[in-house]
Structures are given as structure tokens and as C-alpha cells.
Protein chains: 2
Amino acid sequence: MDEVFKALADGSRRSLLDRLHARNGQTLGELCDGLAMTRQAVTKHLAILEAANLVATIKHGREKLHYLNPVPIHQIGERWIKKFEHDKLKALSELKRRLESRDA
Amino acid sequence: MDEVFKALADGSRRSLLDRLHARNGQTLGELCDGLAMTRQAVTKHLAILEAANLVATIKHGREKLHYLNPVPIHQIGERWIKKFEHDKLKALSELKRRLESRDA
DNA sequence: TTGACATGCAACCATTTGGTTGCGTATTGT
DNA sequence: ACAATACGCAACCAAATGGTTGCATGTCAA
């Protein structure tokens, strides 16, 4: 879980996931297009995403195809974010009350 | 948004949020209890969470009270995670198909 | 009033991170 | 056959990160 959070922490990596979401199965070269970064840097980012199980790859000849795996993202939503949604209003009103009364 | 992702990337910070979720409005000293870390380190983590708008603080005498703000967490769920949930099955089956057939 | 308590602030440190350059290797199209 | 293509690997680098120690400051209680 920590690996997934760390992988998602970087904007370049999130945009790589976005691009795979837009078109799945892209090669390394395709994923490099338009990026202000060397191919080797992109490789490192993809390796981190792969280690976090967010992308899966298969070699096809001399090309490497990258596939998005949205399951860990979904898990973060279910196992982590969900528990904070419950008390959204509760927490807000509690803070407001505290802010308004100095005599707590 | 990037600030929130970065803030959530650290396990210590996530556990601070968990502790505030369990009991809101804790002081710095209370949040330090049981942590294998100096008070100053905890202060830095809380500052990062505050900069990401994940906690709000109010000074009360010589103590500083910390309140959880779950809104940015909720926003990540809505604006980022949600769009990846849609094609969960689609992506999986697509990958499976690729893995099974070498002749793509 | 004064000592203990809760916190703030700054300098410093090691490690991690995100990126580079350079070179090697396998595959492919002509 | 061979040059171009697509990628892998390793060394290196600057900056960010996560932590520390030391000291200063404001507040409360006896």
C-alpha cells in the first residue's frame, strides 16, 4: 500500500497512468513522446509503477508494451479514502465550533 | 492536488491523519506520544499536512490543537481515483488477452 | 514569581529521489 | 548483411526529504 502511495506521489508518474488510461498498451517510445525527460528517466518511473503493481508489461519483439492495472488505485479508494468520507461534515462542524468559541 | 498526493505519500503522515480521525483536536504533544520520532519531526509532518490543507490548527493557550480536514482526501477520490474505476475489468481482460496470445 | 511545560525556529546531516550521460544489446526493415 | 530502431544497464549528480540536536519563547501552575 505504501508503495502505491509513493508511486502516485509524483506528477510525472500520475500523468503516465493518465496516458495509459487514455490508450492502453503503449510502448516505451510512445510514452516518452512529448515528455521533457529522457527515455531512461521514463523507464525509471515506469519501473516504480510496475513495482507498485500499477502497470504490467509484456515484451513484444524489441518493443515493450505497458498496460494499466487500476486495481491498486481502486484499493486505495476502498481501504483508505472511504473511511475519511464518512465524517466529512462532522469534522468540519467540529472545527468551526472550535474556531468560533475561544472558551473551549 | 499534487501537494495532497505528496503529503499522503509518507506513512508517518498517513498515520497522523488516522490518529486525528480516531480522535480529533489533539495537541502536538498528544500526537507525539508513542511515535519513534522527535517532537520537531512531528511538527514538520504536521506542517506539510497543514500546507496541503489536510489539517487545520488553532492555538489554545500554550497548546496547539489539530483538526482533520478530510475534504482534500475526498477530492482525490472524486477527481482522480474515480476515473480509473470505470475500466477496471476492461483493462484486466485486455491485458489477459495480450498475455495469452503471442501473435498480437 | 519562578520553574516546569508546550511549542517554535534554525542549523545540520544522511539518504532518497529524479534526473542525466554514456554505452551495450537485441530486433527489425531494407 | 547491416544500419537503424527500441530498449537495458550503470555511474554519476543536484536537490529534496526525513530526521536530528540545540536553543529560544510564551504560558501555566504552585
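Proteins come first, then strands; the chains are lettered A, B, ... in the order of their sequence lines, and each starts at number 1.
The CD1-P distance, from B:Ile48 to D:dA16, rounds to 13 Å in whole Å. Atom CG in A:Leu31 sits roughly 12 Å away from atom P in D:dG8 (whole-Å rounding). In this entry the distance linking NE2 of B:His45 with C1' of D:dA16 reads 14 Å, nearest Å. At whole-Å resolution of the value, CG in A:Asp10 and P in C:dT16 are 18 Å apart. We find that CG of A:Leu28 is positioned 14 Å from C1' of D:dC9, with the value rounded to whole Å. B:Arg14 places its CZ atom 11 Å from the P atom of D:dG18, with the value rounded to the nearest Å. Whole-Å rounding puts the B:Phe5 CZ to D:dA16 P distance at 21 Å.
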Name every donor-acceptor pair, under 3.5 Å, that has one atom in a side chain of residues 38-48 of chain B and the other anywhere in the protein, sequence neighbours excluded.
{"from": "B:Thr38", "atom 1": "OG1", "to": "B:Ala41", "atom 2": "N", "distance (Å)": "3.3"}
{"from": "B:Thr43", "atom 1": "OG1", "to": "B:Arg39", "atom 2": "O", "distance (Å)": "3.0"}
{"from": "B:His45", "atom 1": "ND1", "to": "B:Arg13", "atom 2": "NH1", "distance (Å)": "3.1"}

(request) Would you give a per-nucleotide map of nucleotides 20-29 of chain D, 5' to 3', where B means the base has a protein non-hydrogen atom under 4.0 Å away, S means only the sugar-phosphate does, and - means neither? (result) BBB---BBS-
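Residue pairs meeting the salt bridge (charged side-chain N to carboxylate O under 4.0 Å, His left out) criterion with at least one member in residues 19-30 of chain A, sequence neighbours excluded, are A:Arg23-A:Glu30.
Residues that satisfy the side-chain hydrogen bond (donor to acceptor under 3.5 Å, both in side chains) test with B:Ser12, not counting sequence neighbours, are B:Asp10. Applying the side-chain hydrogen bond (donor to acceptor under 3.5 Å, both in side chains) criterion to B:His66, with sequence neighbours excluded, gives no partner residue. Here A:Arg14 pairs with B:Asp2, B:Phe5, B:Trp80 under the side chain to side chain contact (heavy atoms under 4.5 Å, CB included) rule; sequence neighbours left out.
In this model, the phosphate group of C:dG8 is approached by a side-chain N or O of B:Lys64 to a distance below 4.0 Å at OP1 or OP2.
Residues A:Glu63 and A:Lys6 both approach DNA chain D. Their nearest nucleotides, taken by heavy-atom distance, put A:Glu63 toward the 5′ side. Taking the nucleotide of DNA chain C with the nearest heavy atom to each of A:Ala9 and B:His66, the more 5' of the two is matched to B:His66.
For A:Phe84 and B:His21, the gap between ring centers is short of 6.0 Å.
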